[in-house]
Peer 1: 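The structure is given below, and queries will be raised subsequently.
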Amino acid sequence: MNGQEFEFRGGSLNGFLMIAIDIVLWLACAISFVVGTFASNGYLVVLGVILIFVAITCSCGFSKLEPNEAKVMTFFGRYVGTFRKTGFYWLNPFMSVKNVSLRARNLNPDPIKVNDKSGNPVLIGAVVVWRLKDTYKAIFDIDTEIAGQATGGNSATARMNKFQNFVAVQSDSALREVAGMYAYDNDGNGEQTVTLRDGSAEINEVLEKKLNERLVMAGLEVLEARINYLAYAPEIAAVMLRRQQADAIICAREKIVDGAVSMVKMALSKLSEEDIVELDEEKKAAMVSNLLVVLCSDEPAQPVINSGTLNH
């Protein structure tokens with residue numbers, strides 16, 4: 001045994017053919033007993049006993065395999081290959097068979113509380129799509145038994161549920177590691193870095209890589225991993241919301257001021273180019289002040305009509 005998965009090279013027969021052969025064996029067994037008893041022929045009775053054991057052995061070797069399922073075969077403790085042929089077959093009944101599923105499966109655990117790179121507690125959750133890739137490693141390199149629970153038989157579903165428990169533990173560990181590598185959001189100091197909130201593509205790629213590094217020893221493969229839930233922990237959510245609102249107000253004010261300055265500049269240029277009115281520096285300053293107040297104010301401007309001259 002070289003520790004590597006390989007295809008089962010032992011004999012296998014068509015299951016329907018073996019049913020016909022098994023029926024013939026049982027009929028031959030019955031005929032041998034009946035004829036041997038009435039004819040007092042001990043040889044036929046002995047032949048009937050032998051045929052019973054052969055028929056019983058043949059009746060125990062039938063196996064059905066659906067697409068994307070496999071059987072890990074061992075012969076008295078020695079790994080002899082993985083059987084993947086779909087259909088109805090007869091296999092050596094003296095071999096031990098462990099059924100596994102090669103189909104993709106989802107894991108969607110509850111969000112967990114972790115600290116991000118800045119030390120803030122956040123709630124984060126992930127969806128993981130995985131499947132069994134190497135049957136040898138999955139069966140012989142890890143122990144998937146759950147303490148205090150029944151083995152659940154030899155069904156593929158029971159065994160895959162144990163693999164899912166292994167994936168869940170490793171996913172929790174990988175998610176905590178990845179969440180600690182990034183901050184929830186930029187801290188507002190002007191430096192733009194990848195964060196948990198806006199760097200989903202890169203973070204999902206890192207999470208998938210970390211998970212595959214952990215699961216390769218178990219013969220499992222992650223097809224997709226992505227963050228599906230992200231929020232501040234309840235104890236700091238209100239404070240962080242106020243900070244986000246303050247950041248949003250500051251950004252909005254900056255845009256308003258930029259637009260107001262541009263509009264004031266355009267107004268002064270138009271007045272000067274078209275000779276509508278001549279303004280000295282003091283009047284320009286007053287006009288700039290009034291326009292900025294009007295354009296940057298949160299409340300609608302209240303017009304004041306000047307009925308005198310510009311000197312009053």
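Every value quoted in this text rests on a predicted model; they were computed, and no experiment measured them. Both backbone and side-chain heavy atoms feed into the values below; hydrogens, waters and symmetry mates do not.
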Peer 1: Locate the shortest heavy-atom distance separating Phe62 from Met18; write the atom from each residue and the value.
Peer 2: CE2-CB, 3.6 Å
Peer 1: Please check if Phe16 and Leu25 belong to a single hydrophobic cluster, counting links between Ile, Leu, Val, Met, Phe, Trp and Tyr side chain heavy atoms closer than 4.5 Å.
Peer 2: yes
Peer 1: Just jot down the side chain to side chain contact (heavy atoms under 4.5 Å, CB included) partners of Val46, sequence neighbours excluded, or say none.
Peer 2: Ile50
Peer 1: Under 4.5 Å side-chain heavy-atom separation, chaining through any Ile, Leu, Val, Met, Phe, Trp or Tyr, what else clusters with Leu223? Say none if it is isolated.
Peer 2: Val129
Peer 1: If you round to the nearest 0.5 Å, how far is OG of Ser96 from CZ of Arg78?
Peer 2: 12.5 Å
Peer 1: When rounded to the nearest 0.5 angstrom, what is the spacing between NZ in Lys98 and OG1 in Thr135?
Peer 2: 12.0 Å
Peer 1: Quick check for you: to the nearest 0.5 Å, what is the distance between Ser101 atom OG and Leu132 atom CG?
Peer 2: 8.0 Å
Peer 1: Any chance you could measure Phe6, atom CZ, to Gln4, atom CD, to the nearest 0.5 Å?
Peer 2: 10.5 Å
Peer 1: Answer whether the closest heavy-atom distance between the side chains of Val49 and Leu47 falls below 4.5 Å.
Peer 2: no
Peer 1: Can you measure from OG1 (Thr74) to CE (Met95) and round to the nearest 0.5 angstrom?
Peer 2: 9.0 Å
Peer 1: Is there a continuous path of hydrophobic side-chain contacts, each under 4.5 Å between heavy atoms, that joins Leu44 to Trp26?
Peer 2: no
Peer 1: Using salt bridge (Lys or Arg N to Asp or Glu O under 4.0 Å) as the criterion, list what pairs up with Arg84, not counting sequence neighbours.
Peer 2: Glu5, Glu7
Peer 1: Evaluate the side chain to side chain contact (heavy atoms under 4.5 Å, CB included) criterion for residues Glu66 and Lys64: first the C-alpha distance (whole Å), next the side-chain angles of each, then the deciding distance (0.1 Å), finally the verdict.
Peer 2: CA-CA 7 Å; Glu66 297 180 358; Lys64 182 185 71 171; 4.0 Å; yes
Peer 1: Are side-chain heavy atoms of Thr82 and Phe8 found at a separation under 4.5 Å?
Peer 2: no
Peer 1: Mark yes or no for whether Asn204, through its side chain, and Ile227, through its backbone, hold a donor-acceptor pair below 3.5 Å.
Peer 2: yes
Peer 1: Each residue besides Leu123 in its hydrophobic cluster should be listed here, by chain and number; the cluster joins Ile, Leu, Val, Met, Phe, Trp and Tyr at side-chain heavy-atom distances under 4.5 Å.
Peer 2: Tyr229
Peer 1: Just by modelled atom types, is the Asp116 backbone N or O under 3.5 Å from a matching donor or acceptor in the Asn120 side chain?
Peer 2: no
Peer 1: Could you walk me through whether Val100 and Ile139 satisfy the side chain to side chain contact (heavy atoms under 4.5 Å, CB included) test, starting with their C-alpha distance in whole Å, then the side-chain angles of each, then the deciding distance to 0.1 Å, before giving a yes or no?
Peer 2: CA-CA 9 Å; Val100 293; Ile139 295 298; 3.7 Å; yes
Peer 1: Using the side chain to side chain contact (heavy atoms under 4.5 Å, CB included) criterion, which residues pair with Leu65? Sequence neighbours excluded.
Peer 2: Glu69, Lys71, Phe83
Peer 1: Do you know the tightest heavy-atom contact between Met217 and Asp141?
Peer 2: O-CB, 3.8 Å
Peer 1: I'd like to know if Tyr136 and Val167 are part of one continuous hydrophobic network [Ile/Leu/Val/Met/Phe/Trp/Tyr, side-chain heavy atoms within less than 4.5 Å].
Peer 2: yes
Peer 1: Judged by atom type as modelled, is there a donor-acceptor pair below 3.5 Å linking the side chain of Arg159 to the main-chain atoms of Asn99?
Peer 2: yes
Peer 1: A side-chain contact here means heavy atoms from C-beta on lying under 4.5 Å apart; do Val97 and Val72 qualify?
Peer 2: no
Peer 1: Using salt bridge (Lys or Arg N to Asp or Glu O under 4.0 Å) as the criterion, list what pairs up with Glu202, not counting sequence neighbours.
Peer 2: none
Peer 1: Provide the closest heavy-atom pair for Ala218 versus Phe166 in the form atom of the first, atom of the second, distance.
Peer 2: CB-CE2, 3.6 Å
Peer 1: With the side chain counted from C-beta on, respond yes when Asn161 and Arg105 share a heavy-atom pair under 4.5 Å apart, and no when they do not.
Peer 2: yes
Peer 1: With sequence neighbours excluded, what pairs up with Thr195 under the side-chain hydrogen bond (donor to acceptor under 3.5 Å, both in side chains) test?
Peer 2: Asp198
Peer 1: Evaluate side chain to side chain contact (heavy atoms under 4.5 Å, CB included) for Arg131 paired with Leu102, printing each intermediate quantity in order.
Peer 2: CA-CA 6 Å; Arg131 68 178 179 183; Leu102 306 179; over 6 Å; no
Peer 1: Output side-chain donor-acceptor pairs under 3.5 Å for residues 175-182, partner residues at least two apart or in another chain, one line each.
Peer 2:
from	atom 1	to	atom 2	distance (Å)
Arg176	NE	Asp172	OD1	2.8
Arg176	NH1	Lys113	O	3.2
Glu177	OE1	Arg214	NH1	3.2
Glu177	OE1	Arg214	NH2	2.7
Glu177	OE2	Lys210	NZ	3.2

Peer 1: Salt bridge (Lys or Arg N to Asp or Glu O under 4.0 Å): which pairs involve residues 20-46, sequence neighbours left out?
Peer 2: none
Peer 1: Could you tell me which residues satisfy salt bridge (Lys or Arg N to Asp or Glu O under 4.0 Å) with Glu224, sequence neighbours excluded, listed by chain and number?
Peer 2: Arg226
Peer 1: Just verifying a value: how many Å separate Ile52 CD1 and Cys29 SG, rounded to the nearest 0.5 Å?
Peer 2: 3.5 Å
Peer 1: Please table the atom pairs, donor to acceptor, closer than 3.5 Å between any side-chain atom in residues 85-93 and protein atoms at least two apart or in another chain.
Peer 2:
from	atom 1	to	atom 2	distance (Å)
Trp90	NE1	Cys58	O	2.8
Asn92	OD1	Phe94	N	3.0

Peer 1: Looking at every heavy atom in both Ala225 and Leu211, which two are closest together, and how far apart are they?
Peer 2: CB-CD1, 3.8 Å
Peer 1: Hydrophobic cluster membership, with links at side-chain heavy-atom distances under 4.5 Å among I/L/V/M/F/W/Y: are Val127 and Leu220 in one?
Peer 2: no
Peer 1: Assess the residue pair Glu221 and Trp130 against the criterion (side chain to side chain contact (heavy atoms under 4.5 Å, CB included)); give the C-alpha distance rounded to whole Å, side-chain angles, the decisive distance to 0.1 Å, and a yes or no.
Peer 2: CA-CA 6 Å; Glu221 177 188 24; Trp130 64 278; over 6 Å; no
Peer 1: The criterion is side chain to side chain contact (heavy atoms under 4.5 Å, CB included); which residues satisfy it with Leu17, sequence neighbours excluded?
Peer 2: Asn14, Ile21
Peer 1: If I compare all heavy atoms of Leu207 with all of Ala126, which pair ends up nearest, and what's the gap?
Peer 2: CD2-CB, 4.0 Å
Peer 1: Do Pro121 and Val114 make a side-chain contact, defined as non-hydrogen atoms from C-beta onward lying under 4.5 Å apart?
Peer 2: no
